[in-house]
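Basis for what follows: all heavy atoms, side chains included, without hydrogens, waters or symmetry-related copies. Letters go in sequence order (proteins before strands), and every chain restarts at 1.
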Amino acid sequence: MKLEANIPAGPLAQKWSKYRFDSKLVSPANKRRYKVVVVGAGLAGASAAATLAELGYDVENFVFHDSPRRAHSIAAQGGINAAKNYQNDGDSVRRLFYDTIKGGDFRAREANVYRLAEVSVSIIDQCVAQGVPFAREYGGLLDNRSFGGAQVSRTFYARGQTGQQLLLGAYSALARQAGLGAVKCHTHAEMLDLVVVDGHAKGIIVRNLISGELTRHAADAVVLATGGYGNVFNLSTYARGSNATAIWRAYKRGACFANPCFTQIHPTCIPVSGDYQSKLTLMSESLRNDGRIWVPKQAGDKRPPQDIPEGERDYYLERMYPSFGNLAPRDISSRAAKRVCDEGRGVGESGRGVYLDFAEAIQRLGEATIRERYGNLFAIYKEITDENAYRSPMRIFPAVHYTMGGLWVDYSLMSNLPGLFVLGEANFSDHGANRLGASALMQGLADGYFVLPATIAGYLASQKPDQRPRPDHDAFRQAEEQVRGSVRRLLASQGQRTVASFHKELGQLLWDHCGMARNAAGLKQALDRIPALREEFWRNVRVPGDAEELNQSLERAGRVADFLELAELLCLDALTREESCGGHFREEHQYPDGEAKRDDQNFAFVSAWEYQGPDRPPVLQREPLGYEEVKMTTRSYK
Amino acid sequence: MRVRLKVWRQKHAHRPGGFHTYETPELNPNMSFLEMLDVVNEELTQRGEEPIAFDHDCREGICGTCSLVINGKPHGPHRGVATCQTYLRSFRDGDEIVVEPFRAKAFPLIKDLIVSRKAFDHIIQAGGFVSVRTGSAPDANALPIPKPDADRAMDAAQCIGCGACVAACKNASAMLFVAAKVSHLALLPQGKVERERRARAMVQAMEAAGFGGCSVTGSCEAVCPKEISLEFIARLNREYGRALLKGPN
Ligand SMILES: Cc1cc2nc3c(=O)[nH]c(=O)nc-3n(C[C@H](O)[C@H](O)[C@H](O)COP(=O)(O)OP(=O)(O)OC[C@H]3O[C@@H](n4cnc5c(N)ncnc54)[C@H](O)[C@@H]3O)c2cc1C
Ligand code: FES
């Protein structure tokens, strides 16, 4: 198989308009004769479902949540980027494009990223028109802040609840279409398989999480906007329910999985405090606008922070990366934190933490200003740790936060399986090996509001209207039987261990061997142990309850079963990529000063893995990455 | 520390439910309330019993999924937080803690501590939006909005749709939920065009869903994890009155 990215010809800045002009259209009268299934209602899914319905397609939306409004996107705190240049500080589409390509360590597709930067400006217009209450200046115009990896202020925000407000905007657009009868919203509805007919994605199998009933849904095209797979690590900043099942089952039906090892570990999270911990809480990167990160110079210095004099503190990001300082990108900041902790200079009881200190900012700006900017984050910190960050510095440590990898898509966001489109965090397209802060919200909404609605017509126009397979087609029957079989198997096993215990063990294994730093020996060890753990899972898991009712243990069991497979692909990808780039740091490949050593000669490609069945290793397809407009340089933030 | 839990268990809506008592193992006071339920559920699973079904997702107070009435109070003892932000240090060693679902006619029970809050989606579908098609928006800075208005709109827009306001209200009214959405949009110029239609449609949808009327006891504000103010209910009443005066359109 050859992967074709289908990037339009012509100069970078004109590719998107050329694509849209050249694209086939579906006439207004024919649109309602096409059914599109959209799985997911986070920023990507809700915006896509609403916009497709506005255009006149017959849309059905599915979420496993009890309401579309609860998607994981709701938790995004810091903000959304857009190249508006409202601050007149030198921003432009081109600069946002360049920052994103460089931030991604030259492992993203140039044409996609340019389009993302181009579309970013319309997103803000759209959201404001919906009534998203972005922060404003006293003059009534929109306010901005800075995020890591950028030297301009292009981040729009709504207090510390930007994701919530953007999602409620998209949800309200979706609700409007649902009220008009243009979208059918299925809640508590978990997609458990993709149905492929004659090589095209033509439907899904869904389990009703309340009744346990399995249903078949045929469509002319299937859109997956099901989010990232970071919960494969168990502990992460993701919502507990986020999972990889939809994209993993699509992978097993033939969709290529791209760059699974590109995972993001966020530098500023509240450190792990105990074995009972169920999730890690992010402290927004926006805090790094005013907070200074430091550890004691001396290893083993256990004095309380206020007793450590200035001269004995190491503001290591400011020291190592003077031009970006505390706003160095995430991968770099996380690794630096790991390094100082490995040197024995970490703080807090476990020694796995660094200080994020606001004392200087409070002195300069006053406590009231800091309270206005970050009050809710300080409150979250207080709730969780019982400590007052206005008085003593926060303690933070990196945690799993985002996945740049995902299903492979071409320029039109279609996977190698025709008819299957993948949006938002679920695809791999725009962030290369490292995502910049405030760019996931931008990408999710770009995909859903502006890209997919323009590209899906190209595929649908090639399909005759009203000709989709019927749900009684053999492919649907077989897929449903398979799902029923695995549900039955999970319930039948009656073993000794809980699902949670397997998830925990898997997560620890990945964190140790495929986390912030990876090496061949560790990855091989993980690749040995994961199949064994998976084997034990199916033999020894205990899932109480029945299939025909709300059964949270069963839901989690299915998700963990998929994580146990995905984890192996993640490690295999990490082992195969013999270079360090972005969030993927191979200890064998570093410069003497510890900086990542990228290998453009041999690894300037997207790794797209193709499933070959349960007993054969997947095949690696390489999509070469070429850069016409930017030069691949060593990424430096010094 | 250890506590004794009295938890509402109910297999599904059509079977009678009742309280079951569980003694917890040793707990860490820094655990969240939901992490304590995780621990109890692990034990139940190991014993071959069905774990307690409860709703949760983000575990940081923003998705609105967690519910639970703890010792008679929706979202537990503290003001301004959701159940998932409640920590065991708020309880004492040996306490007995009663855990129940959010109860209201419009929130039918699904299982144990989980209820259906679909009615909220229906209320939003009736009018909780600005009718703007994708791609038709003017430049975002074309219309300056005074900062105090934008801030006030944000105060209302923070609602996480959890339903604690309904669970706390003796009439099971959804006024605070509706008020938050109506106020958020009415405070912004973008939302003003449709304000009458919105207020009328949302109030009607609320009544149709079986929520009760508001007698302004303020119990909703007291349990709201985002501390959405009762003032917004006054604003909703004004918006609704204004819509009635304007007549049907
Ligand atoms: C704490 C936190 C803070 C963040 N802050 C920022 C920020 O400030 N700026 C930024 O740009 N990014 C931020 N991010 C990243 C960003 O929030 C996410 O990448 C983004 O919201 C993902 O959106 P999505 O639409 O792709 O998926 P999600 O929001 O994860 O939505 C997934 C949807 O798919 C549904 N679904 C999944 N699987 C199935 C299935 N099998 N069947 C049915 N439905 C299914 C779910 O119900 C849900 O509706 C943050 C992330 C975290 C964890
Ligand atoms: S779990 Fe999301 S608000 Fe409590």
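Of residues 24-32 of chain B, those residues lying under 4.5 Å from chain A by any heavy-atom pair are Asn28(B), Asn30(B), Met31(B).
Contact tally against chain B (heavy-atom pairs below 4.5 Å) for Gln77(A), Arg69(A), Gln130(A): the top residue is Arg69(A). Between chain A and the residues Ser136(B), Pro146(B), Ser131(B), the largest count of heavy-atom pairs under 4.5 Å involves Ser131(B). For the options Ile145(B), Asp151(B), Val130(B), heavy-atom pairs under 4.5 Å to chain A are most numerous at Ile145(B). Taking Arg136(A), Gln494(A), Arg240(A) one by one and counting their heavy-atom pairs under 4.5 Å with chain B, the maximum is reached by Arg136(A). Counting heavy-atom pairs closer than 4.5 Å to chain A, the top residue among Arg89(B), Gln85(B), Glu60(B) is Arg89(B). Chain A forms the most heavy-atom pairs under 4.5 Å with one residue out of Asp55(B), Leu188(B), Thr45(B), and that residue is Thr45(B). Your options are Arg176(A), Gln165(A), Gln161(A), and the one with the most heavy-atom pairs under 4.5 Å with chain B is Arg176(A).
Of the two parts of Ile123(A), neither the backbone nor the side chain holds a non-hydrogen atom closer than 4.5 Å to a non-hydrogen atom of chain B. Residue contact with chain A, scored on non-hydrogen atoms closer than 4.5 Å, involves the side chain of His184(B) exclusively. Contact of Glu549(A) with chain B is made through the side chain alone, with heavy-atom distances under 4.5 Å. Interface remark: Asn376(A) contributes no atoms to any contact with chain B (heavy atom separation under 4.5 Å). Residue contact with chain B, scored on non-hydrogen atoms closer than 4.5 Å, is absent for Ser122(A). Of the atoms belonging to Gln164(A), it is side-chain heavy atoms, and not backbone ones, that fall under 4.5 Å from chain B. When heavy atoms are compared at a cutoff of 4.5 Å, Tyr171(A) approaches chain B solely by way of its side chain, counted from C-beta outward. Only the side chain of Leu168(A) comes within contact range of chain B, with heavy atoms under 4.5 Å apart. With a threshold of 4.5 angstrom between heavy atoms, Asp546(A) approaches chain B through side-chain atoms but not through N, CA, C or O.
Using a 4.0 Å cut-off between charged nitrogen and carboxylate oxygen, Lys84(A) and Asp139(B) count as a salt-bridge pair. A salt bridge does not link Asp66(A) with Lys118(B): none of the charged nitrogens is closer than 4.0 Å to a carboxylate oxygen. A salt bridge links Arg159(A) and Asp155(B); the closest N-O separation between the charged side-chain nitrogens and carboxylate oxygens is under 4.0 Å. A salt bridge does not link Glu137(A) with Lys147(B): every distance from a Lys NZ or Arg NE/NH1/NH2 to an Asp or Glu carboxylate oxygen is 4.0 Å or more.
In this structure, Glu42(B) CD and Thr498(A) OG1 are separated by 3.5 Å, a value rounded to the nearest 0.5 Å. In this structure, OG on Ser211(A) lies 11.5 Å from NE2 on His12(B), to the nearest 0.5 angstrom. Rounding to the nearest 0.5 angstrom, the gap separating the CG atom in Asn141(B) from the CG atom in Leu141(A) is 4.5 Å. The SG atom of Cys63(B) sits 6.5 Å away from the NE2 atom of His65(A) when rounded to the nearest 0.5 Å. The NZ atom of Lys111(B) sits 11.5 Å away from atom CD1 of Ile210(A), with the distance rounded to the nearest 0.5 Å. Atom OH of Tyr276(A) is separated from atom CD of Glu35(B) by 6.5 Å, given to the nearest 0.5 angstrom.
A donor-acceptor pair shorter than 3.5 Å can be found between the side chains of Ser278(A) and Arg59(B). Looking only at atom types and distance, the side chain of Glu54(A) has a donor-acceptor partner in the side chain of Thr134(B) under 3.5 Å away.
Arg47(B) CZ: more than 12 foreign heavy atoms inside a 6.0 Å radius.
Checked options Ile114(B), Asn41(B), Asp112(B); the residue passing with Gln552(A) is Ile114(B) (criterion: side-chain contact (heavy atoms from CB on, under 4.5 Å)).
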